[in-house]
Amino acid sequence: MTELIRLTAAELSSRLQDKSVSAVEATQAHLDQITAVDTDLHAFLYVAADAALATAARIDARRAAGEELGPLAGVPIAIKDVLTTLDMPTTAGSKILEGWVPPYDATVVRRLRAADLIPLGKTNMDEFAMGSSTEHSAYGVTRNPWDRDRIPGGSGGGSAAAVASFQAPLALGSDTGGSIRQPAAVTGSVGVKPTYGAVSRYGAIALASSLDQVGPVSRTVFDAALLHDVIGGHDPLDSTSLTDAWPSMAAAATAGLKDGALKGVRVGVIKELSGSGFQAGVTQRFTETLALLTAAGAEITEVSAPNFEYAVAAYYLILPAEASSNLARFDSVRFGIRVDPAEGSLTSEHVMAATREAGFGPEVKRRIILGTYALSTGYYDAYYGSAQKVRTLIQRDFAAAFDQVDILVSPSAPTTAFKFGEKLEDPMAMYLNDITTIPANLAGVPGMSIPIGLAPEDGLPVGLQIMAPARADARLYTYGAAIEQLLEATWGHTMLDQAPALALATTAKGAI
Amino acid sequence: MAKPELMDYDKALELFEPVLGFEVHVELNTKTKMFCGCANEFGSGANTNTCPTCLGLPGGLPQVNHKAIESSIRLGLALGCEIAEHSRFARKNYFYPDTAKNFQTSQYDDPICHDGSLTIELESGRLVTVEIERAHMEDDAGKLTHMGGSTGRIQGADYSLVDYNRGGVPLVEIVTQMIEGAEHDAPEIGRTYVAGIREIAKALGVSNARMEEGNVRCDANVSLRPRGSKVLGTRTETKNVNSLRSVERAVRYEIQRQAAVLHAGGTITQETRHWHEDTGITSAGRPKSDADDYRYFPEPDLVPMAPSREWVEELRLTLPEPPAARRKRLQADWGFANLEFQDVVNSDLMDAVEATVAAGASAQSARKWWTGEIARLANAAGVAADSLVQPAQLAALIALVEAGTLTDRLARQVLEGVIAGEGTPAEVVASRGLAVVSDDGALIAAIDEALSKQPDVLAKIRDGKLQAAGAVIGAVMKAMRGQADAARVRELVLERAGTAESGSVE
Amino acid sequence: MSAITAEQVAHLANLARIDLSPEEITNLTLDLGQIVDSVAKVQEVATSDVPATSHPMPLTNVFREDVVVPSLSVEQALSGAPARAGDKFRVPAILDEE
Ligand SMILES: [Zn+2]
């Protein structure tokens with residue numbers, strides 16, 4: 001069944017539709033791969049094997065009965081554990097939510113089910129999506145399928161690793177400052193952060209409300225587009241959800257496959273997101289990709305976004321401030337664990353404080369304290385208030401850039417996957433790793449990461465970030481698909497064809 | 001709790017000038033909560049009206065109730081407020097088990113209404129204009145029940161229970177400017193101001209405005225400054241004073257307490273205080289401190305509001321007559337004496353009387369029935385008088401009395417039947433067979449019978465002792481088992497005596 | 001170095017209701033000092049003529065009609081409760097500081 005798991009979602013879909021493969025077979029193949037590789041990789045926090053097979057059987061029966069099903073019906077999917085699910089525990093990677101089974105589905109999960117995708121389980125993540133390495137999960141790290149000593153990115157390391165290791169053709173992620181795009185980059189997969197408001201946040205456990213956005217994780221641009229079409233669109237339960245009539249992202253991706261799709265496209269290279277601080281192999285692959293684009297008829301220009309320099313600083317004020325408030329509800333009253341204090345009286349106040357002390361990990365505490373500080377009387381204007389102004393400046397930088405170009409590009413991350421523990425003791429170093437992805441969240445514009453090769457020095461994947469103006473998500477899919485096709489034609493294979501065989505890793509288990 | 005020293009009220013006013021401020025919370029009577037579609041209803045089973053949003057579950061998000069905005073704007077307009085062109089919600093962060101999200105979704109620097117005023121009339125006829133700083137929207141907290149311990153209060157409780165049905169119910173908080181120059185009237189200003197807000201909310205129909213159900217709640221700020229001083233004194237905030245009488249008592253109490261403390265050379269602590277309805281005192285709550293750092297910031301899950309001027313003007317057209325003006329008009333229309341009118345107002349029966357008059361009854365009859373028999377029955381049943389009977393039914397009943405079909409006594413029986421759900425007054429009269437005997441022949445026979453037993457009565461009447469007729473009337477009524485019109489019997493007796501008088505009404 | 005003190009961190013932890021250990025307070029005081037120094041650079045460009053942006057997309061007047069939608073069942077509402085009594089959530093005694 002190995003070949004089944006290597007199919008793209010679109011390929012699998014057509015086999016399901018022509019009934020050469022059943023949903024049960026497809027689901028079983030992915031569950032088998034999870035059994036084979038995930039003890040070691042730990043992409044999943046929870047696998048719903050029985051429920052997935054039961055759902056698959058129902059879909060097969062309906063298809064057999066001649067029912068018209070959606071394009072992704074019967075295709076398995078992994079769901080980031082930040083999204084609430086009725087039938088699966090939802091922990092957001094935190095001890096404080098251990099074992100919590102929500103009484104409701106997130107809107108995007110509801111839409112997956114309505115489109116007859118098959119939820120396989122919940123994927124690992126940095127606790128409450130705070131991190132860039134998945135090392136901050138309360139349930140242990142996820143390993144990068146390319147190198148098991150390295151991080152799979154974060155916070156959505158689980159979703160990216162699951163897709164990159166063929167445990168699922170599709171996954172859902174959430175992106176607050178790069179949590180979809182950076183893991184995609186370091187695992188050689190595709191990840192999209194849609195325009196803020198394009199996908200509902202209802203049921204996505206909030207990290208920073210004004211930055212969070214749910215999006216697709218996949219192995220191809222077209223697959224991401226198919227998933228985007230399922231989860232996107234207005235949701236009245238999310239007051240920041242856009243009411244736009246969105247075009248089909250799948251159609252947009254298909255348009256990118258046409259000859260000459262890149263001809264005359266104005267591509268802006270952001271001066272501030274290159275150069276020093278970027279790993280040599282990352283810069284090399286990025287430059288090569290620009291050359292390919294030029295050869296394909298695109299016009300490359302350098303654009304400056306002078307305020308991007310302040311983006312990380314603004315982000316690490318806005319995010320902690322909003323998070324400190326969003327995470328206040330974890331108080332041991334209505335859900336989650338309750339921990340009694342070791343000493344002192346057993347009052348509500350002490351039990352809440354003891355629960356939060358025991359239930360939150362160090363990074364979460366660090367950011368809550370930082371956010372509490374940023375919002376405090378006497379500091380608000382200097383910190384939170386100033387950060388909101390930087391946000392305006394960054395939006396202006398984007399507006400100026402998009403006056404000149406159709407899309408902006410940069411490396412998705414300054415480096416390839418780093419080793420476990422490398423940045424754990426230095427929070428600022430970890431934060432600076434997000435410099436490439438953060439501006440899009442601050443401005444609300446959509447961004448995508450696609451693989452563009454391996455860095456020569458370490459043989460690890462490098463990602464290209466493409467950004468478009470707000471609401472122009474379709475542009476990402478068109479040009480993303482075009483660039484992907486161009487690269488694969490150059491290589492003669494897909495990116496993940498080069499990934500090391502993971503079955504070996506399983507046999508070598510315990511070697512680390 | 002030791003009872004603190006109080007200074008005599010008049011002496012306190014001689015030495016100090018009271019400065020007041022009020023924060024009144026009005027709970028809106030929208031069908032759903034402020035930020036979710038759960039029902040906004042009082043008295044449902046615990047935690048039956050909850051969802052991921054109002055329970056503060058991870059992933060829950062708020063959606064603003066349009067009707068709540070409309071009600072807030074109408075309330076603001078009725079208080080003469082400006083309606084903000086740009087307004088937004090803000091999070092007020094603090095931990096408390098009845099606050100599901102551990103922040104209240106409120107408004108901070110851009111409230112929906114600001115800069116209004118309410119002019120109130122005191123019993124002395126003094127008019128006081130209370131300036132309103134702002135009226136902002138926010139969501140209510142859930143309800144805590146404290147279990148165990150001796151008093152059932154929060155102090156000494158073993159544990160507490162939370163019901164989040166009320167969590168997320170829309171509130172408008174109306175904040176006054178500092179009220180100076182209240183002088184001796186300070187307590188009455190408190191009561192009358194809160195009564196005024198309550199009356200407006202009720203007239204607008206935006207709130208059920210029942211203080212006993214917590215629909216209107218008042219926090220009273222009181223400070224004193226020594227006569228001749230320009231410096232404001234330290235204020236206390238007495239929380240949750242939830243009846244009009246309590247507002248008056250709490251303000252008076254704080255003036256007397258603070259005066260005693262200050263006069264003895266002590267200082268007032270800036271703190272919240274609790275009002276104790278039973279003992280009529282306030283007690284120290286939590287002192288204001290750094291812990292009050294609420295870390296307000298714009299609510300990122302909700303977008304700003306920009307009520308269009310057209311909408312605001314449309315809403316302005318829906319405002320009812322201001323309650324104070326309406327009261328003046330109705331009292332004049334009805335021709336009630338002050339005490340009569342106050343009786344109606346204080347019993348919350350103005351609407352009922354108005355509707356009864358509109359249905360054809362005379363104002364005086366409507367007043368007598370509502371504040372008399374119906375109020376008595378309602379009181380005995382422990383319900384609101386206007387919930388017992390429809391004004392149209394009462395008007396029909398009054399018409400029957402005025403037509404002579406019913407005596408007052410029979411009418412009371414018919415009313416009981418109507419309340420018991422036996423039908424309209426006419427139906428009850430028919431089914432119970434309660435109409436007066438209006439056949440003069442039967443009455444005259446009964447009168448003759450009675451006169452034959454009391455032969456001296458007619459002579460007494462002719463001598464001008466009209467009260468002598470009473471004995472005969474009583475005997476006749478008894479003989480007729482009450483089903484006679486006493487007034488008609490009297491007329492006939494007097495006719496018999498040859499001294500018929502006019503306009504005799506008992 | 002910005003002047004973040006251990007007392008300040010302890011105060012923030014109290015506001016945030018986290019019972020930090022003395023060791024955590026020490027570490028966070030250091031971390032916070034470094035981070036605050038670094039993020040303070042936002043002040044360099046946040047001049048008074050720049051308006052603040054709180055929402056990435058400029059929406060206004062997003063409202064919901066006042067129509068009741070089904071709530072959770074009581075069992076669903078209480079399904080995650082660490083402690084309950086009947087149909088209510090049960091919490092330890094509350095300090096009197098409302
Ligand atoms: Zn609700």
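Within every chain, numbering begins at 1; the chains are lettered A, B, ... in the order of the sequence lines, protein sequences first and strands thereafter.
At a threshold of 4.5 Å between non-hydrogen side-chain atoms, the residues Pro52(B) and Tyr202(A) count as touching. With contacts defined as side-chain heavy-atom distances shorter than 4.5 Å, the pair Arg91(B)/Asn326(A) qualifies. The side-chain heavy atoms of Asp301(B) and Thr240(A), taken from C-beta on, include no pair separated by under 4.5 Å. No side-chain heavy atom of Asp238(A) sits less than 4.5 Å from a side-chain heavy atom of Gln63(B). With contacts defined as side-chain heavy-atom distances shorter than 4.5 Å, the pair Pro103(A)/Leu57(B) qualifies.
Side-chain atoms of Asp293(B) come within 3.5 Å of backbone atoms of Thr377(A) as a donor-acceptor pair (strictly under, hydrogens ignored). The backbone N or O of Ser348(A) lies less than 3.5 Å from no partner atom in the side chain of Tyr159(B), so there is not a single donor-acceptor pair.
Residue pairs meeting the salt bridge (charged side-chain N to carboxylate O under 4.0 Å, His left out) criterion with at least one partner in residues 371-382 of chain A, sequence neighbours excluded, are absent.
Contact of Phe335(A) with chain B is made through the side chain alone, with heavy-atom distances under 4.5 Å. With a 4.5 Å cut-off on non-hydrogen atoms, Ala106(A) does not touch chain B at all. Residue Asn93(B) touches chain A through its side chain alone, counting heavy-atom pairs closer than 4.5 Å. Looking at Tyr296(B), the atoms closer than 4.5 Å to chain A (heavy atoms on both sides) all sit in the backbone: N, CA, C or O.
The line from CZ of Phe103(B) to CZ of Arg329(A) is 5.5 Å long, rounded to the nearest 0.5 Å. In this structure, CG in Leu346(A) is found 11.5 Å from CG in Asp158(B), a value given to the nearest 0.5 Å. We find the CG-CZ distance between Asn102(B) and Phe330(A) to be 11.0 Å, quoted to the nearest 0.5 Å.
Most heavy-atom pairs under 4.5 Å with chain B, from the set Thr372(A), Thr347(A), Leu375(A): that is Leu375(A). No other option in Pro97(B), Cys51(B), Ala100(B), Gly37(B) has as many heavy-atom pairs under 4.5 Å with chain A as Ala100(B).
For residues 79-101 of chain A, a heavy-atom distance under 4.5 Å to chain B picks out Thr84(A), Leu97(A), Trp100(A), given by residue number. Scanning residues 205-215 of chain A against chain B with a 4.5 Å non-hydrogen threshold yields Ile205(A), Ser209(A), Ser210(A), sorted by number. Of residues 350-358 of chain A, those residues with a non-hydrogen atom less than 4.5 Å from any non-hydrogen atom of chain B are, in numerical order, Met352(A), Arg356(A).
The aromatic ring centroids of Phe297(B) and Tyr380(A) lie 6.0 Å or more from each other.
More than 12 non-hydrogen atoms from other residues, nucleotides or ligands lie less than 6.0 angstrom from NZ of Lys365(A). Within 6.0 Å of OH in Tyr46(A) there are more than 12 heavy atoms belonging to other residues, nucleotides or ligands.
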